[in-house]
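Computed from heavy atoms alone, side chains included, the values below leave out hydrogens, waters and symmetry copies.
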Amino acid sequence: MTAANDLGTAATKVESGEADSLLLWILVWSELAVFGALLVAFMVLTVLDPQGAALFRAHLHPGLAAANTIILVLSGWQAALAVRLSAGERAARRPLVLAALLGFAFAVVKAFEYTLEVKAGVGALGTLAELYFLVTGFHLLHVVFGAAVLLLVARRPSRGNVVMIATLWHAIDLVWLVMFPIIYLT
């Protein structure tokens, strides 16, 4: 009898979206933990080699990174707007598409920034530069993937899917908002 009750409870959770919500939050927290570990490693390296960190940061482009911060904040605003409008599923399409397009704009600016940094020889500056490309490249992959999913959800936006992708998108935003001052401003 207990197994039947447990099965019924599990089915109710799946139907109500609670199981999806749990998986979503596991994904979000695991992503935040990975990025947190990478950023802690970056901060430790800057403390261990302050001269190397100063040389490395002299080759970065904080203006482009600030522009990307604005782009991601605007994109997050559009994702939040999509959640507000998702009761009328068609109304959520436009903000989801705008959020995705802003995500792709972030990727274009980041690619331009990488081009400038590679030409300036940032890659030859050692472990800190390698970690920089790892952290920011991993984030960039998340942005591109998230923007693609935003577009997929915009095709047929259900409230649950809009809420899920908006939550993931905000986690990607949050990572950048923490990463930006650590990498570019300290």
Item to complete: Compare every heavy atom of Leu128 with every heavy atom of Ala53, then report the nearest pair and how far apart it is.
Response: CA-CD2, 3.6 Å

Worksheet item: Mind checking whether Leu32 and Val28 have side chains closer than 4.5 Å, heavy atoms only?
Response: yes

Worksheet entry | CD1 on Ile71 to CG on Asp173, rounded to 0.5 Å | 12.0 Å

Worksheet item: Between Leu96 and Gln78, is a side chain to side chain contact (heavy atoms under 4.5 Å, CB included) present by the stated rule, with each step listed?
Response: CA-CA 7 Å; Leu96 286 170; Gln78 288 299 308; over 6 Å; no

Worksheet item: Out of curiosity, Lys119 NZ to His59 NE2, how far, rounded to the nearest 0.5 Å?
Response: 14.5 Å

Worksheet item: Given Val34 and Leu38, is the side chain to side chain contact (heavy atoms under 4.5 Å, CB included) satisfied, shown in steps?
Response: CA-CA 6 Å; Val34 168; Leu38 290 170; 4.2 Å; yes

Worksheet item: Is it true that a side-chain atom of Arg93 and a backbone atom of Ala154 form a donor plus acceptor pair closer than 3.5 Å?
Response: yes

Worksheet item: With respect to Leu24, which candidate in Thr167, Ile165, Val163 satisfies the side-chain contact (heavy atoms from CB on, under 4.5 Å) definition?
Response: Thr167

Fill in: Gap separating the OG1 atom of Thr136 from the CG atom of Asn68, nearest 0.5 angstrom
10.5 Å

Response to the item:
Ala107 and Val144 have their tightest heavy-atom pair at CB-CG2, 3.8 Å

Worksheet item: Looking at His139 versus Phe106, is the centre-to-centre ring distance below 6.0 Å?
Response: yes

Fill in: Single-linkage hydrophobic cluster Val73~Leu174, side-chain heavy atoms < 4.5 angstrom
no

Practice prompt. With rounding to the nearest 0.5 Å, note down the distance linking CG in Leu85 to CG in Leu81.
Written response: 4.5 Å

Discussion item. Starting from Leu177, can I reach Trp77 by hopping between I/L/V/M/F/W/Y residues whose side chains sit under 4.5 Å apart?
Written reply: no

Worksheet, complete the sentence: Of all heavy-atom pairs linking Gly103 and Val143, the shortest is O-CG1, 3.3 Å

Discussion item. Taking the side chain as everything from C-beta on, heavy atoms only, tell me whether Val108 gets closer than 4.5 Å to Phe112.
Written reply: no

Practice prompt. Would you check if there is a donor-acceptor pair between the side chains of Arg57 and Thr186 at a distance under 3.5 Å?
Written response: yes

Worksheet entry | Pairwise side-chain contact, Val149 with Trp169, heavy-atom cut-off 4.5 Å (strictly under) | no

Worksheet item: When the ring planes of Tyr184 and Trp176 are compared, do they come out parallel, tilted or perpendicular, using 30° and 60° as the limits?
Response: tilted

Practice prompt. Take Asn161 and Leu152 through the test side chain to side chain contact (heavy atoms under 4.5 Å, CB included) and record every step on the way to the result.
Written response: CA-CA 10 Å; Asn161 287 341; Leu152 286 174; over 6 Å; no

Worksheet item: Would a hydrophobic clustering, with Ile, Leu, Val, Met, Phe, Trp and Tyr connected at side-chain separations under 4.5 Å, put Ile183 with Val44?
Response: yes

Practice prompt. State, to 0.1 Å, how close Ser75 and Ala99 come at their nearest heavy-atom pair, and which atoms those are.
Written response: OG-O, 2.8 Å

Discussion item. Go through it in stages, so that I can follow the logic: the residues are Met179 and Phe42, the test is side chain to side chain contact (heavy atoms under 4.5 Å, CB included), and I'd like the CA-CA distance, side-chain angles, deciding distance and then a yes or no.
Written reply: CA-CA 10 Å; Met179 189 185 312; Phe42 186 90; over 6 Å; no

Worksheet item: To the nearest 0.5 Å, what is the distance between CG (Leu48) and OG1 (Thr127)?
Response: 10.5 Å

Discussion item. Closer than 3.5 angstrom, by distance alone: can the side chain of Arg90 be matched with the main-chain N or O of Arg156 as a donor-acceptor pair?
Written reply: no

Item to complete: Answer yes or no: is there a side-chain heavy-atom contact under 4.5 Å between Phe104 and Leu151?
Response: yes

Discussion item. So which atom in Val162 and which in Pro157 form the shortest heavy-atom distance, rounded to 0.1 Å?
Written reply: CG2-CB, 3.7 Å

Discussion item. For a quick check under 3.5 Å, do His142 and Glu31 share a side-chain donor-acceptor pair by atom type?
Written reply: yes

Practice prompt. Rounded to the nearest 0.5 Å, what's the gap from NZ on Lys110 to CG on Leu72? Could you check?
Written response: 10.5 Å

Worksheet item: Is there a path from Phe133 to Leu141 through hydrophobic residues (I, L, V, M, F, W, Y) whose side chains come within less than 4.5 Å of each other?
Response: no

Item to complete: Please confirm whether Phe56 and Tyr132 have ring centers closer than 6.0 angstrom.
Response: yes

Discussion item. According to a hydrophobic-cluster definition based on side-chain heavy atoms being under 4.5 Å apart (Ile, Leu, Val, Met, Phe, Trp, Tyr only), do Leu98 and Leu168 belong together?
Written reply: no

Practice prompt. Identify the two heavy atoms, one from Phe35 and one from Val135, that lie closest to each other, and give their separation to 0.1 Å.
Written response: CE2-O, 3.8 Å

Worksheet item: Is the shortest heavy-atom distance from the side chain of Leu116 to the side chain of Leu64 under 4.5 Å?
Response: yes

